[in-house]
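To start, the structure under review is shown below, and the notes come after it.
Below, chains carry the letters A, B, ... as their sequence lines are ordered, and counting in each starts from 1.
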2 protein chains.
Amino acid sequence: MIDVKTLCLGVLSRGDASGYEIRKEFEEGPLSHFSDAGFGSIYPALKRLLDDGQIVMLPHNGDGRPDKKLYRITPSGRHALYQSLIKTPSADKLRSDLMFILSFGHLLPPRHLDRIIGDRISDYRQMIATLEVEGSTAHRTPGERFVEGMGLAIYRAVAGYLEEHRHELVAAALMESQVA
Amino acid sequence: MIDVKTLCLGVLSRGDASGYEIRKEFEEGPLSHFSDAGFGSIYPALKRLLDDGQIVMLPHNGDGRPDKKLYRITPSGRHALYQSLIKTPSADKLRSDLMFILSFGHLLPPRHLDRIIGDRISDYRQMIATLEVEGSTAHRTPGERFVEGMGLAIYRAVAGYLEEHRHELVAAALMESQVA
DNA sequence: CAAGTGATGCATCGATACGATATATAACAA
DNA sequence: TTGTTATATATCGTATCGATGCATCACTTG
């Protein structure tokens with residue numbers, strides 16, 4: 001998997017940013033769907049990138065706000081980013097607590113099962129609605145549009161599957177609970 | 001996210017297993033699609049589960065093979081598993097190096113783009129074919145069938161999206177490379 | 001106008017997890 | 001007999017995660 005240093009270089013390749021702003025990219029932006037990094041990884045990564053000369057810190061114009069360290073990618077940093085981008089990408093990873101839980105569906109109360117599935121459907125429907133609005137308003141590069149489209153496609157597939165098969169699983173759990 | 005201790009308890013709730021066999025479950029079984037754990041996490045987890053009395057080690061019948069430590073879940077372990085299963089599951093996570101790379105598609109050679117997308121489509125088509133065979137042969141609980149079905153639905157959505165939008169992205173990269 | 005809430009912003013720390021590596025045996029093919 | 005693959009345990013350094021702490025500023029709400 002791509003490391004946090006490279007993720008930061010990727011964000012900075014689009015423009016100067018602070019650690020906090022980089023974090024936001026992984027929480028909201030087009031990169032948020034398939035990448036992630038928290039403060040605990042970003043700040044150490046920025047430190048190492050500084051040491052390696054792949055980014056520089058901009059002198060904050062002594063105006064109002066004191067802190068907010070802005071970082072800018074260097075040519076060396078762009079080169080390192082490019083080298084990472086042309087490496088063969090590792091396999092995609094899906095992690096889902098819900099799916100782990102549902103694979104033990106027969107051990108759980110049917111009502112509880114039905115609730116957590118319903119909640120998750122709502123979550124996905126909400127995300128889909130948000131994406132559909134953003135997709136038509138926000139300005140995006142072709143790559144970003146492609147990635148957001150993939151996010152949308154996956155979210156729809158997940159929400160659709162949950163809706164279509166929810167009853168089967170709950171019904172099976174009901175049978176199980178009547179036996180026990 | 002659910003920790004490796006709980007993942008191990010989940011596997012052991014289906015039957016006794018060694019560390020190696022637990023690993024295999026995350027590489028092949030129905031749990032492999034949405035969960036993962038390597039040796040470096042499993043062995044320490046088993047050690048802690050032993051300390052906590054949530055699993056026990058079975059005395060290996062002094063037959064042929066020497067090593068192979070078999071573990072069995074205890075009632076205390078089943079209780080701990082249940083407690084984890086009824087917690088509100090955290091949000092699903094998708095990680096994809098490929099999507100990160102493609103979001104910078106305009107920086108990359110169009111031919112390279114086309115190749116890595118094509119390779120990934122093949123990977124997914126292969127996984128889908130494997131799953132379709134297994135789904136009709138292997139014996140599964142309702143929960144496992146549900147989870148495998150979700151895996152299949154997502155893989156199909158991803159492969160389909162890649163196939164349908166591949167050209168758009170490559171075309172955009174071509175335009176970009178002619179400008180530069 | 002005070003007081004609370006939430007967003008902005010930096011940073012650290014411990015627990016956990018990851019990935020590579022080492023070691024050894026058994027089975028099976030070349 | 002040599003090599004390869006599968007079985008099997010285990011460790012170690014590094015990277016990452018998640019929670020927490022601490023400010024400041026803006027906004028709203030009684």
Can you name the nearest heavy-atom pair linking A/Y155 to A/Y124, along with the distance? CD2-CE2, 3.5 Å

Please report, rounded to the nearest Å, how far the [atom2] atom of [N] is from the [atom1] atom of [X].
| X | N | atom1 | atom2 | value |
| --- | --- | --- | --- | --- |
| A/D36 | D/dA15 | CG | P | 18 Å |
| B/I42 | D/dT11 | CD1 | C1' | 15 Å |
| A/I22 | C/dC10 | CD1 | P | 9 Å |
| B/K24 | D/dT5 | NZ | C1' | 13 Å |
| B/F39 | D/dA8 | CZ | P | 10 Å |
| B/I2 | C/dA17 | CD1 | P | 11 Å |
| A/E28 | C/dA7 | CD | P | 10 Å |
| B/Y43 | C/dT21 | OH | P | 18 Å |

Without hydrogens or angle criteria, can the side chains of B/T6 and B/D3 be said to hold a donor-acceptor pair below 3.5 Å? yes

Assuming nearest nucleotide by heavy-atom distance, tell me which of A/R48 and B/M1 is located more 5' along DNA chain D. A/R48

Comparing B/L70 with B/R95, nearest DNA chain D nucleotide closer to 5' gives the residue B/L70

Taking the inter-plane angle between the rings of B/Y43 and B/F39 on a 0 to 90° scale, is it parallel (under 30°), tilted (30 to 60°) or perpendicular (over 60°)? parallel

May I ask you to decide if B/S32's main-chain N or O and B/S35's side chain share a donor-acceptor pair within less than 3.5 Å? no

[N] OP1/OP2 closer than 4.0 Å to side-chain N/O of [X]:
| X | N | answer |
| --- | --- | --- |
| A/K47 | C/dT12 | yes |
| A/S18 | C/dT8 | no |
| A/Y20 | C/dC10 | no |
| B/S41 | C/dC18 | yes |

Considering every strand and a 4.0 Å limit on heavy-atom distances, what is the contact class for [X]: base, sugar-phosphate, or nothing?
| X | result |
| --- | --- |
| A/R23 | nothing |
| B/K93 | sugar-phosphate |
| B/G40 | base |

Can you tell me which nucleotide in C/dG9, C/dA11, D/dA10 comes closest to the side chain of B/K69? D/dA10

Would you say B/L169 and B/L174 are hydrophobically clustered, going by side-chain heavy atoms of ILVMFWY under 4.5 Å? no

